[in-house]
Amino acid sequence: MRAVKRMILLNPGPATTSDSVKLSQVVPDICPREPEFGDLMADISTELTCLVADPEHYATVLFGGSGTAAVESMISSVLGEQDTIVVINNGAYGKRIGEIAEAYGLHYLEFKSPSDDAIDLDVLEKFIQASDRTISHLAVVHHETTTGLLNDIKAIGELCSRYRIDMIVDAMSSFAAVPIRMQEMHIRYLAASSNKNLQGMAGVSFIVAEKNKLESLKHRKPRNVYLNLYAQYKYFSEFRQMRFTPPVQTLYALKQAIEELKQEGVKERYARYVNSWTTLINGITRLGLTYLVPEQYHAKIVTSILEPDCAAFHFQEMHDYFYSEGITIYPGKLDRLNTFRIATMGDIAYTDIETFLERLEHYLTSIGFAKREEETGDVSDKR
């Protein structure tokens with residue numbers, strides 16, 4: 001079969017995929033109620049669990065939907081009427097968890113932290129201690145792609161363990177790259193999706209959780225239908241089927257993506273991403289641009305870069321220029337600063353980042369930014 005036109009996706013997901021992942025979707029039509037397809041989903045669930053936990057004690061629950069579907073399933077299904085959750089907000093996706101809790105009328109407390117610096121664990125602990133309500137759960141985004149910040153979920157998990165708090169982790173942009181071990185990190189529930197570091201196609205999200213925690217939800221009154229976590233878990237345990245129609249071809253692609261991850265290795269994949277990130281940082285620094293999160297707190301998968309201080313700069317024009325060159329970039333999500341984001345995840349290599357940097361230099365020169373810096377020597381402060 002002919003190769004598919006390759007686009008370099010430098011947005012924070014969906015990521016660039018291999019041709020073999022794309023073409024794995026070209027399969028004979030099958031009814032998803034057939035045992036053969038149930039075997040496929042069961043195998044995928046086990047493989048995903050093994051990436052972060054022991055499948056004897058943990059299970060992966062699959063949903064058709066974006067990553068937010070899995071996060072909403074966790075938040076809406078796990079908390080009881082009297083429970084209170086602390087939601088760490090240090091970016092757009094932590095904020096979104098709070099919005100979900102608000103929409104369901106849940107008891108939640110928002111802990112705000114800077115989006116470009118590490119969480120102060122002492123302040124977080126005092127926040128927990130000061131609550132009038134007993135804290136039952138805490139939700140945190142592992143890799144906050146608003147800026148590229150990597151939250152220390154191991155340390156947060158230890159804090160949660162001391163206070164008998166169940167930690168819920170949005171690992172959408174860290175799963176299958178940054179190493180995670182749920183038991184050691186005291187993670188009770190974890191959400192991720194098929195289309196980021198797994199390098200599959202968009203359309204499948206999932207939750208990994210302790211089996212005894214899933215069973216404890218048995219008598220909890222459902223707040224919704226499609227996203228009910230226990231119902232989805234129980235139905236698959238009994239029938240090896242999703243309750244509702246799954247994205248069939250997307251699951252075949254996920255199976256292939258998992259095989260390619262196993263061939264490469266999680267640590268090796270992350271090392272490839274880091275190599276691309278290093279290339280990116282060296283390049284933007286040379287061009288006079290700066291990024292937000294200090295290296296020691298950076299996930300090195302998505303980077304938030306300050307827009308150039310140049311009257312001729314317009315993000316949409318730059319986006320359109322890159323898109324015409326087969327490269328997709330993404331705007332920032334910060335209110336206080338004008339930024340754009342570059343991801344180094346997916347089926348890309350440092351050579352793709354070098355291509356991006358060549359085009360970026362051309363664009364900056366065309367709007368007068370690079371020329372002005374050469375003339376004045378006014379180079380932005382860089383980390």
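Counting begins at 1 with the first residue of the sequence. All heavy atoms count here, side chains included; hydrogens, waters and symmetry mates do not.
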- Task: Calculate, to the nearest 0.5 Å, the distance between atoms OG and OH belonging to Ser77 and Tyr230 respectively.
- Result: 12.5 Å
- Message: Check this for me: does any side-chain nitrogen of one of Arg162 and Glu158 sit under 4.0 Å from a carboxylate oxygen of the other?
- Response: no
- Is the closest side-chain heavy-atom distance between Gln241 and Tyr235 below 4.5 Å? yes
- Message: I'd like to know whether Tyr163 forms a side chain to side chain contact (heavy atoms under 4.5 Å, CB included) with Ile135, so could you lay out the CA-CA distance, the side-chain angles of the two residues, the decisive distance to 0.1 Å, and finally the verdict.
- Response: CA-CA 8 Å; Tyr163 287 88; Ile135 306 302; over 6 Å; no
- His319 and Ile329 have their tightest heavy-atom pair at CD2-O, 3.4 Å
- Item | Backbone of Gly67 reached by a side-chain donor or acceptor of Ser193 within 3.5 Å | no
- Taken to the nearest 0.5 Å, the spacing of Asp347 CG from Glu264 CD works out to 8.5 Å
- Take Asp352 and Ser276 through the test side chain to side chain contact (heavy atoms under 4.5 Å, CB included) and record every step on the way to the result. CA-CA 8 Å; Asp352 294 310; Ser276 293; over 6 Å; no
- Message: Does Asp335 have more than 12 heavy atoms from other residues, nucleotides or ligands lying within 6.0 Å of its CG?
- Response: no
- Message: Under a 4.0 Å threshold between the charged nitrogen and the carboxylate oxygen, would Arg336 count as salt-bridged to Asp116?
- Response: yes
- Task: Quick one: pull up OG in Ser205 and CD in Glu72 and give me the separation to the nearest 0.5 Å.
- Result: 10.5 Å
- Supply the atom-to-atom distance Leu190 CG to Met185 CE, rounded to the nearest 0.5 angstrom. 10.0 Å
- Atom of Gly346, atom of Arg272 and distance for their closest heavy-atom approach: O-NH1, 2.8 Å
- Is it true that Lys262 and Glu259 make a salt bridge, defined as a side-chain N closer than 4.0 Å to a carboxylate O? yes
- Query: Would a 4.5 Å heavy-atom cut-off, applied to side chains only, mark Ile207 and Tyr233 as touching?
  - Reply: no
- Parallel, tilted or perpendicular: which fits the ring planes of His298 and Trp277, with parallel below 30° and perpendicular above 60°? tilted
- Query: Looking only at heavy atoms, what is the nearest atom pair of Ser304 and Leu334, with distance?
  - Reply: OG-CD1, 4.3 Å
- Would you indicate whether the side-chain heavy atoms of Leu360 and Ile284 approach each other to under 4.5 Å? yes
- Query: Heavy atoms, side chains only, cut-off 4.5 Å: are Tyr363 and Phe313 in contact?
  - Reply: yes
- Query: Of all heavy-atom pairs between Ser174 and His143, which one has the smallest distance, and what is that distance?
  - Reply: CB-CB, 4.0 Å
- Message: I'd like to know whether Gln316 forms a side chain to side chain donor-acceptor pair (under 3.5 Å) with Asp320, so could you lay out the CA-CA distance, the side-chain angles of the two residues, the decisive distance to 0.1 Å, and finally the verdict.
- Response: CA-CA 6 Å; Gln316 191 60 47; Asp320 294 347; 2.9 Å; yes
- Check whether more than 12 heavy atoms from other residues, nucleotides or ligands sit under 6.0 Å from atom CD of Gln129, and answer yes or no. yes
- Item | Side chain to side chain, Ile353 and Leu10, heavy atoms closer than 4.5 Å | yes
- Quick check: are there more than 12 heavy atoms from other residues, nucleotides or ligands sitting under 6.0 Å from CD of Glu268? yes
- Answer with yes or no after comparing the ring centroid distance for Phe322 and Phe356 against a 6.0 Å cut-off, counting only values under it. yes
- Task: Output the distance between atom CZ (Arg341) and atom OG1 (Thr145), rounded to the nearest 0.5 Å.
- Result: 5.5 Å
- Message: Less than 4.5 Å apart, side chain to side chain, heavy atoms only: is that true for Val141 and Thr146?
- Response: no
- Task: Could you please spell out the steps behind the side chain to side chain contact (heavy atoms under 4.5 Å, CB included) verdict for Val123 and Phe111?
- Result: CA-CA 9 Å; Val123 174; Phe111 177 81; 3.8 Å; yes
- Leu229 side chain reached by Tyr189 side chain, heavy atoms, under 4.5 Å: yes
- Donor-acceptor pair, Asn282 side chain versus Thr278 backbone, under 3.5 Å? yes
- Query: Would a 4.5 Å heavy-atom cut-off, applied to side chains only, mark Tyr93 and Met172 as touching?
  - Reply: no
- Item | Heavy atoms from other residues, nucleotides or ligands near NZ of Lys112 exceed 12 (cutoff 6.0 Å) | no
- Task: Could you tell me whether the side chain of Asn151 and the main chain of Ile153 form a donor-acceptor pair under 3.5 Å?
- Result: no
- Task: Report the C-alpha distance between Phe315 and Asn338 in whole Å, list the side-chain angles of each, state the deciding distance to 0.1 Å, and finish with yes or no for side chain to side chain contact (heavy atoms under 4.5 Å, CB included).
- Result: CA-CA 9 Å; Phe315 174 77; Asn338 294 324; over 6 Å; no
- Query: OH/Tyr270 to OG1/Thr344 distance, rounded to the nearest 0.5 angstrom?
  - Reply: 9.0 Å
- salt bridge (Lys or Arg N to Asp or Glu O under 4.0 Å), paired with Glu81, selected from Arg223, Lys221, Arg220: Arg223
- Query: Considering the options Glu260, Gln256, Gln199, which one meets the side-chain hydrogen bond (donor to acceptor under 3.5 Å, both in side chains) requirement together with Ser18?
  - Reply: Glu260
